[in-house]
Amino acid sequence: MNKSAIVTPLIYFSAFTISCTDKGVPIESTPIGSNLVSNPSFESNGQPSSSGWLGFGNPMATFSIDVPQGGGSYSASIPSTWPAGLVRLQTGIPAIEGTHIYRFGVWAKYAGPVSGEIHFSVLRAGAITLRKTITITDTVWSEYSTLDTVASVPGDTLLLRLFGGGDPVSVGDSYFDLCTLERVN
């Protein structure tokens with residue numbers, strides 16, 4: 001077991017539903033550059049929390065006390081699986097109608113021979129379209145981010161998805177914290 005201390009499992013959901021921001025104001029009203037992820041650091045009031053995130057898979061993602069500088073007290077730890085992608089965490093934010101540039105980023109690292117991935121996708125009419133993929137390449141906490149221009153229609157949802165990676169033989173964990181999704185324009 002990893003020395004970073006697995007604290008408690010995240011809540012597992014077998015049905016697919018989307019969690020939306022709970023900041024109490026419409027996304028269109030949030031200032032440009034505001035983080036749209038409602039629980040970017042997997043905690044609430046100093047306790048681990050999966051609020052705003054959905055967990056999928058078995059084994060499940062867990063909380064870890066291994067965090068980047070400025071990351072609070074907990075991060076999400078997602079194990080590698082085979083086939084890849086069986087375990088993931090995701091959050092969804094209603095897209096703003098029209099064409100907008102978004103920046104998404106996550107602090108992440110991996111332990112073991114297999115690294116995880118971060119996906120930025122759009123959910124439209126029940127279909128998920130992958131827009132960007134970032135592969136975790138560091139074994140120390142590092143920030144990963146990218147920009148994407150998205151043309152959205154009413155009802156679209158932006159998805160930030162975190163994966164632990166996959167390998168048929170090797171196992172390991174990927175760690176994620178300080179998740180951001182910001183509208184640039």
Side-chain angles (χ1 to χ4, degrees), residues 7-57 60-78 87-98 100-108 116-124 126 128-132 134 136 141 143-148 150 152 154-164 174-185:
V7 178
T8 183
L10 291 171
I11 298 172
Y12 173 77
F13 293 89
S14 59
F16 181 80
T17 56
I18 298 299
S19 170
C20 298
T21 186
D22 63 357
K23 294 187 178 192
V25 296
I27 296 298
E28 295 85 357
S29 301
T30 58
I32 290 176
S34 295
N35 190 0
L36 302 173
V37 177
S38 65
N39 182 10
S41 198
F42 304 101
E43 56 194 84
S44 177
N45 299 319
Q47 298 298 313
S49 172
S50 60
S51 175
W53 292 87
L54 297 179
F56 295 85
M60 296 184 293
T62 58
F63 295 107
S64 172
I65 59 171
D66 186 349
V67 296
Q69 185 173 353
S73 300
Y74 300 97
S75 64
S77 173
I78 303 177
V87 179
R88 70 181 181 273
L89 291 175
Q90 71 183 37
T91 190
I93 295 100
I96 301 167
E97 186 177 350
H100 299 281
I101 300 171
Y102 294 92
R103 177 193 168 276
F104 77 97
V106 176
W107 279 78
E117 291 184 338
I118 306 157
H119 292 185
F120 179 63
S121 303
V122 174
L123 174 65
R124 177 179 290 165
I128 296 174
T129 301
L130 177 63
R131 303 282 306 181
K132 299 275 185 164
I134 299 174
I136 308 306
W141 284 106
E143 183 178 20
Y144 298 86
S145 68
T146 191
L147 296 172
D148 193 16
V150 178
S152 299
D156 282 359
T157 300
L158 305 174
L159 297 177
L160 186 58
R161 306 171 91 195
L162 312 175
F163 295 89
S174 292
Y175 299 86
F176 303 90
D177 204 3
L178 300 171
C179 304
T180 59
L181 179 63
E182 303 166 327
R183 183 170 48 108
V184 176
N185 76 341

How many angstroms lie between [atom1] in [X] and [atom2] in [Y], if you round to the nearest 0.5 Å?
X    : Y    : atom1 : atom2 : result
H119 : I128 : NE2   : CD1   : 11.0 Å
L54  : T91  : CG    : OG1   : 7.5 Å
I118 : W107 : CD1   : CH2   : 12.0 Å

For [X], all residues meeting side chain to side chain contact (heavy atoms under 4.5 Å, CB included), sequence neighbours excluded:
X    : answer
R124 : V153, D156
L147 : I101, R103, V184
Q47  : none

For [Y], does its backbone N or O pair with a side-chain atom of [X] as donor and acceptor, under 3.5 Å?
X    : Y    : answer
W53  : F42  : no
S49  : S44  : no
E43  : G72  : no
S75  : D66  : yes
D148 : S121 : no
S41  : G71  : yes

What residues, two or more places apart in sequence or in another chain, satisfy ring-ring contact (aromatic ring centres under 6.0 Å, His included) together with F120?
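If we apply the ring-ring contact (aromatic ring centres under 6.0 Å, His included) test to F120, skipping adjacent residues, the hits are F104.
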
Partner set under ring-ring contact (aromatic ring centres under 6.0 Å, His included) for H100, not counting sequence neighbours
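With sequence neighbours excluded, H100 shows a ring-ring contact (aromatic ring centres under 6.0 Å, His included) to no residue whatsoever.
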
